[in-house]
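Data first, discussion second: the structure below is written as structure tokens.
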Amino acid sequence: MKDESMSAAESPLGQNIIKLISNLCFSFFVVSVLVFTVIAITYQPPDPWLDSSRAITSSLSDTLPNSTFHTDDSLLTTGEDLVPLPPSPSPSSVSADTPIFLAGEICNPSAAINCSDPHALDAVRRFTAKVFFRRSIVFLSYEPPVAGASPGECDVSWRFRNKREKSWRKYRDFRRFRLGVTENCTYEVSSMGKFRSGVNARAPPLKSPSDPMAKARTVEIVDNEINDTIPTVGSELEFKTGRYLYYSRGGDYCKGMNQYLWSFLCGLGEAKFLNRTFVMDLDVCLAAEYTSSGKDEDGKDFRYYFDFEHLKESASVVEEQEFLRGWRRWDRATRGKKGVGGKITARKVPTYKVTPMQLKKDRSTIIWRQFDGPEPENYWYRVCEGRAAKFVQRPWQAVWKSKRLMDIVSQIAGKMDWDYDGVHVVRGGKARNKNLWPNLDSDTSPDALVQKLLKVVSSWRNLYIATNEPYYNFFDKLRSHYKVHLLDDYQEMWGNKSEWYNEMRELSGGKPVEFDGYMRVAVDTEVFYRAKTQVETFNNLTSDCKDGINTC
Ligand SMILES: *[C@@H]1O[C@H](CO)[C@@H](O)[C@H](O)[C@H]1NC(C)=O
Ligand SMILES: *[C@@H]1O[C@H](CO)[C@@H](O)[C@H](O)[C@H]1NC(C)=O
Ligand SMILES: *[C@@H]1O[C@H](CO)[C@@H](O)[C@H](O)[C@H]1NC(C)=O
Ligand SMILES: *[C@@H]1O[C@H](CO)[C@@H](O)[C@H](O)[C@H]1NC(C)=O
Ligand SMILES: *[C@@H]1O[C@H](CO)[C@@H](O)[C@H](O)[C@H]1NC(C)=O
Ligand SMILES: *[C@@H]1O[C@H](CO)[C@@H](O)[C@H](O)[C@H]1NC(C)=O
Ligand SMILES: *[C@@H]1O[C@H](CO)[C@@H](O)[C@H](O)[C@H]1NC(C)=O
């Protein structure tokens, strides 16, 4: 290096070369800055947003022929959002709404309130029916009240459902009520505590005391109704008499969640069409766009995101490891023996080009689809393309969001007493891309939001802002007009003391589970959907089109 510069300084030619080189270097620097700037400007992080839940089927079908899911990797619609009408309740469970009036009581206004007295529950029912009327809450069943912290207080637990949720799932609330005796000798509620304030009525944990995790748990599990244990394959004979459809892992692994669902439901649909049990890999790989590490993360569990219990009830599935164990056991049991029923027959299907219709008559115990080709040949959903689409139907109703996530949704909405309005503010990459969304950035600026929202949402209402804007203080201007709520205000619900955190640790075998980007979007969206007035970005805040300029 030293020698070169010495000799260069001696000759004009050398100087020229140095000049040239430094010029080149500078140009290269300028070009790299330019390239970097251009990349920075045009880079669009995936927008984790669901704009219209109802549109999923059509929008997925639109992107399908291109074999990519680049357009809308953010849709978060699952079966419960697609059901046109909520399933009707069982008649026995809805009568709780009507108060029962009891007669013939002895009047003694100075007597202590007896929470076990049926009149106490009756007063609570009348009160809640009045307060929650118009808040889309249906009361399903009450537990007998128990004494609160001081005389005159009763803690009452009940189950409810939200009319805005299409699934018929029940959630739990327990509150503290203050009761008094009126001159007419009836119990009357004078005040009601906040969501889940009646801690004495909190349901005791049902799980077995031998459960080692139960001892380590710092909080009690409120929702002990979830049963998403993996069903085991019983006897060898039980295994042998089943008929299975087994998909090897394909190119969909670690792709976006929409592609995952679209592919998974194709497999499930084919299994239904073939009248077979679908062998299911509970291992989910979360794509980089949703992880905090910015890398694809495998080893996630289906049950973190979706309702496995509901899936078990609505489709015939067997977990992959259980299935393989059953298969091995059968092989061992029949090895060397004759007349025990023979070997398991497995038909290997190397390509998606073998259609479900061609497999319909196959009597093999196992149909094993292998997806070994290069992308996009190895995507599961290709099985359902073309003519097969007419025969195989994706059982959307089998996939619901995880009840554990919905419990968080329910708690957030509950903290606002189901009395809030919502605005969905899409920003992120779309707001930065002025070519496709010329007005979005200015239409979702704090000043524009104040102006537009004041026209549709009354001042000082609870306002839940569902958004992909990462800057927490972005919405501060709205705080002088509304009680603003953001998802991050509720971090304790998935923090390391939360019910959710503890339940997830049980699922993952003790390892802490991160509340990841996909869960955030799922919860944010569902809270928004429970708001009374819902202000959407596209249509309501801006005239830009959801999918870019000239697409609407
Ligand atoms: C497939 O991609 C091309 C180019 O991106 C686009 O013009 C076309 O509309 C897409 N087709 C479908 C069905 O989305
Ligand atoms: C409270 O009411 C229940 C049911 O009516 C009754 O069995 C119980 O004896 C009462 N307790 C007191 C302290 O009055
Ligand atoms: C008591 O009953 C009378 C007549 O039924 C009614 O007008 C009055 O409002 C009742 N008082 C209370 C506190 O409920
Ligand atoms: C959970 O469901 C399975 C059947 O899927 C059942 O065998 C098991 O007993 C249930 N566990 C609890 C705790 O209810
Ligand atoms: C589906 O399979 C079950 C048992 O595996 C059998 O009982 C039933 O008849 C089959 N249905 C059809 C339509 O083949
Ligand atoms: C819980 O999280 C807090 C803050 O993130 C941390 O300081 C604390 O050590 C954690 N506790 C446990 C038990 O992990
Ligand atoms: C949002 O836009 C839709 C469609 O134009 C309209 O039906 C709805 O009333 C608007 N919502 C509000 C809160 O303005």
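One-based numbering, in listed order, for ligands and for the atoms of each.
Under the 6.0 Å distance and 45° angle rule, R530 does not count as a cation-pi partner of W418. With a 6.0 Å cutoff to the six-membered ring centre and a 45° limit on the axis angle, R382 does not count as a cation-pi contact of Y379.
The ligand atoms of ligand 2 that sit less than 4.0 angstrom from a heavy atom of N114 are 1 (C), 2 (O), 3 (C), 8 (C), 10 (C), 11 (N), 12 (C), 14 (O). Near V456, the atoms of ligand 7 lying under 4.0 angstrom from a non-hydrogen atom of the residue are 14 (O). Close approach to T533 involves these atoms of ligand 7, each under 4.0 Å from a residue heavy atom: 13 (C).
Contact annotation for atom 9 (O) of ligand 2: protein absent (non-hydrogen atoms, distance under 4.0 Å). Counting protein heavy atoms under 4.0 angstrom from atom 14 (O) of ligand 7 gives one or more. Distance check for atom 2 (O) of ligand 2: a protein heavy atom is found below 4.0 Å.
Scanning the protein for heavy atoms near atom 4 (C) of ligand 7, the closest one is N539 CB, 4.2 Å. Of the protein's heavy atoms, P118 CD, 3.8 Å lies nearest to atom 5 (O) of ligand 2.
Y187 and H119 have perpendicular rings, their planes meeting at more than 60° on a 0 to 90° scale where under 30° would count as parallel.
Aromatic ring centres of F302 and F264: separated by under 6.0 Å.
Heavy-atom minimum distance, R196 versus R175: N-CG, 4.1 Å.
Every N/O-N/O distance between S116 and ligand 2 stays at or above 3.5 Å. For ligand 7, one of its N or O atoms has an N or O atom of N540 under 3.5 Å away.
Checking each of R176, R202, R178 against D155 for a salt bridge (charged side-chain N to carboxylate O under 4.0 Å, His left out) leaves exactly one that passes, namely R176.
Between the side chain of K477 and the main chain of A448, no donor-acceptor pair closer than 3.5 Å is present.
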